[in-house]
Amino acid sequence: MEIAIIAHDGKKADMVQFLNKNKNLLLRENIKLIATGTTGGKAEKAGFKVRKMLSGPMGGDAQIAARVAEGKTQLVFFFKDPLASHAHEVDINMLIRVCDVHNVPLATNEATAQLLLNAVTLL
Ligand SMILES: O=C(CO)COP(=O)(O)O
């Protein structure tokens, strides 16, 4: 299963904490992580193997949306910062829309991500 991880700057520390908390599951061989550039770099530093796309503002969200549309990414954890504005808001909304179009589970906060990941452990 390919899982995309994305975090806005104000949520990157939370994402790393979430990844570490769920390390046992996320390091399983059948789980592949992809990420927007900077988020992926942080995850790598924490010891995760991650396929990195471009940074979000440079098109990384759009690249992940394309993988969702192509059926390559099955789950998206997107820790959005609702208190910041983003130059690439259209890309962010496009990724959310593409997940809805293709019925791909998308968590936009940590609590939802944890619930989804708990469900993955039951698969
Ligand atoms: O901007 C982002 C998502 O919209 C995240 O991108 P980075 O992981 O490259 O910071």
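As the structure lists them, so they are numbered: ligands from 1, and atoms in each ligand from 1.
- Only the side chain of Ile92 comes within 4.0 Å of ligand 1, judged by heavy-atom distances.
- Against a heavy-atom cut-off of under 4.0 Å, Lys12 is close to the following atoms of ligand 1: 7 (P), 8 (O), 10 (O).
- Under 4.0 Å from ligand 1, the heavy atoms of His8 that appear belong solely to its side chain.
- With respect to Asp9 and Lys12, a salt bridge is recorded, a charged nitrogen being found less than 4.0 Å from a carboxylate O.
- Against a heavy-atom cut-off of under 4.0 Å, Thr36 is close to the following atoms of ligand 1: 5 (C), 6 (O), 7 (P), 8 (O), 9 (O).
- With Phe78 as the aromatic partner, Lys11 does not meet the cation-pi criteria of under 6.0 angstrom to the ring centre and within 45 degrees of the ring axis.
- By the criterion of a heavy-atom distance under 4.0 Å, both the backbone and the side chain of Thr38 are placed next to ligand 1.
- Atoms of ligand 1 found under 4.0 Å from any heavy atom of Ser55, numbered from 1 in the order shown, are 7 (P), 9 (O).
- Checking Met53, His86, His88 against atom 1 (O) of ligand 1, the nearest heavy atom belongs to His88.
- Of all protein heavy atoms, the one closest to atom 3 (C) of ligand 1 is Asp61 OD2, 3.1 Å.
- Contact between Gly40 and ligand 1 is absent, with no heavy atom of the residue lying under 4.0 Å from the ligand.
- Close approach of ligand 1 to Pro57 (heavy-atom distance below 4.0 Å) involves ligand atoms 1 (O).
- Put simply, Leu95 and Ile34 are part of the same group of oily side chains (I, L, V, M, F, W, Y) that touch within less than 4.5 Å, one to the next.
- Taking a 4.0 Å cut-off on heavy atoms, Gly37 registers as neighbouring ligand 1.
- Glu70 is linked by a salt bridge (charged side-chain N to carboxylate O under 4.0 Å, His left out) to Lys72, counting only residues two or more places apart in sequence or in another chain.
- In the vicinity of Gly56, heavy-atom distances shorter than 4.0 Å reach the ligand 1 atoms 1 (O), 2 (C), 6 (O), 7 (P), 9 (O).
- Neither the backbone nor the side chain of Ala35 has any atom closer than 4.0 Å to an atom of ligand 1 (non-hydrogen atoms only).
- Taking the six-membered ring where tryptophan is involved, the planes of His8 and His86 are essentially parallel, since the angle between them stays under 30° and well short of 60°.
- Atoms of ligand 1 found under 4.0 Å from any heavy atom of Ile6 (numbered from 1 in listed order, with element): 3 (C), 5 (C).
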Apply side chain to side chain contact (heavy atoms under 4.5 Å, CB included) to residues Met1 and Leu75 and explain how you reach the verdict.
CA-CA 8 Å; Met1 167 182 267; Leu75 186 55; 4.1 Å; yes
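- Within the 4.5 Å cutoff, side-chain heavy atoms of Leu117 are placed close to those of Leu26.
- Close approach of ligand 1 to Thr39 (heavy-atom distance below 4.0 Å) involves ligand atoms 7 (P), 8 (O).
- Under the 4.0 Å criterion applied to side-chain N and carboxylate O atoms, Glu44 and Lys52 are assigned as salt-bridge partners.
- Applying the 4.5 Å side-chain rule to ILVMFWY residues, one finds that Val16 remains a lone member of its cluster.
- By the rule that hydrophobic residues join a cluster once side-chain heavy atoms approach within less than 4.5 Å of another member, Ile3 and Ile64 end up as members of separate clusters.
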